[in-house]
Trainee: 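Below: one structure in structure tokens.
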Amino acid sequence: MEKTFVMIKPDGVRKGLVGEVIHRFEARGLDIEALKLIRLSRKEAEELYSIHRGKDFFEELVNFVLSGPVVVMVLSGEGAVNVVRKMMGTTNPKDAEPGTIRGDFALEITENIVHGADSEESAEREIPIFFGGLDT
Ligand code: CMP
């Protein structure tokens, strides 16, 4: 079954949205394969966002995800990568549709509540950063 990687960012944890976000994924029918609340190391944060290295928002993004605990998880289900992307809404919450996670709970592009892998290839790269023992 297709797997994807999701992270509830520090703003999502601070706003008390962990249960709400996980509930939406569960209610949709996605399975939780793995889940933990952690503080990222700078190395993990830079590795997760390595494709954005050199962009003007990279430092701000890394510092933000280091600003508090996050919840990382692996979800599985048919078409899980795209299902999760649609449920999250557009990266910039200002454009996100109501009913999506970002459309309902965020307004700032950096503080946009959740990260989700943007492709199956990204999921295969991101999952082992946090869940070394999982077979993707
Ligand atoms: P995320 O899905 O976690 O992937 C990269 C993150 O960079 C993105 O969500 C945003 O929170 C953040 N970001 C900040 N500025 C930008 C930008 N200009 N374009 C894309 N992503 C940005």
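Just follow the structure's listing: the first ligand is 1, and inside any ligand the first atom is 1.
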Trainee: Using a 4.0 Å heavy-atom cut-off, say whether Arg102 meets ligand 1 through its side chain, its backbone, both or neither.
Mentor: side chain

Trainee: Check this for me - ligand 1, Tyr49, N or O atoms closer than 3.5 angstrom, yes or no?
Mentor: yes

Trainee: Considering only non-hydrogen protein atoms, determine which one is nearest to atom 10 (C) of ligand 1 and report residue, atom name and distance to 0.1 Å.
Mentor: Ile109 O, 3.1 Å

Trainee: Are Glu60 and ligand 1 in contact, using a heavy-atom cut-off of under 4.0 Å?
Mentor: no

Trainee: For ligand 1, which part of Met7 has a heavy atom less than 4.0 Å away: the side chain, the backbone, both, or neither?
Mentor: neither

Trainee: Charged N to carboxylate O under 4.0 angstrom, Arg24 versus Asp104?
Mentor: yes

Trainee: Just let me know how Leu61 lines up against ligand 1, side chain, backbone, both or neither, with a heavy-atom cut-off below 4.0 Å.
Mentor: side chain

Trainee: Note the single closest protein heavy atom to atom 1 (P) of ligand 1, along with its residue, its atom name and the distance in Å.
Mentor: His115 ND1, 3.4 Å

Trainee: For atom 15 (N) of ligand 1, find the nearest protein heavy atom and state the residue, atom name and distance (0.1 Å precision).
Mentor: Phe57 CG, 3.3 Å

Trainee: Would you say Glu2's side chain and Gly77's backbone share a donor-acceptor pair under 3.5 angstrom?
Mentor: no

Trainee: Cation-pi check, Lys55 to Tyr49: give yes when NZ or CZ is under 6.0 Å from the six-membered ring centre and within 45° of the ring axis, no otherwise.
Mentor: no

Trainee: Out of all atoms in ligand 1, which are within 4.0 Å of some heavy atom of His52? Include the element for each.
Mentor: 5 (C)

Trainee: Look at the side chain of Lys36 and the backbone N and O of Phe130, then say whether any donor-acceptor pair between them is shorter than 3.5 Å.
Mentor: yes

Trainee: If we ignore hydrogens and angles and just use 3.5 Å, is the side chain of Glu44 paired with the main-chain N or O of Ser41 as donor and acceptor?
Mentor: yes

Trainee: Keeping the roles fixed (side chain from Arg102, backbone from Gly89), state whether a donor-acceptor pair exists under 3.5 Å.
Mentor: yes

Trainee: So which bit of Thr110 gets within less than 4.0 Å of ligand 1, heavy atoms only: side chain, backbone, both or neither?
Mentor: both

Trainee: Indicate yes or no: at least one non-hydrogen side-chain atom of Leu30 is less than 4.5 angstrom from one of Val84.
Mentor: yes

Trainee: Counting non-hydrogen protein atoms only, what is the nearest one to atom 8 (C) of ligand 1? Give residue, atom name and distance.
Mentor: Thr91 CG2, 3.6 Å

Trainee: Between Thr4 and Arg85, is there a side-chain donor-acceptor contact under 3.5 Å, judged purely by atom types and distance?
Mentor: no

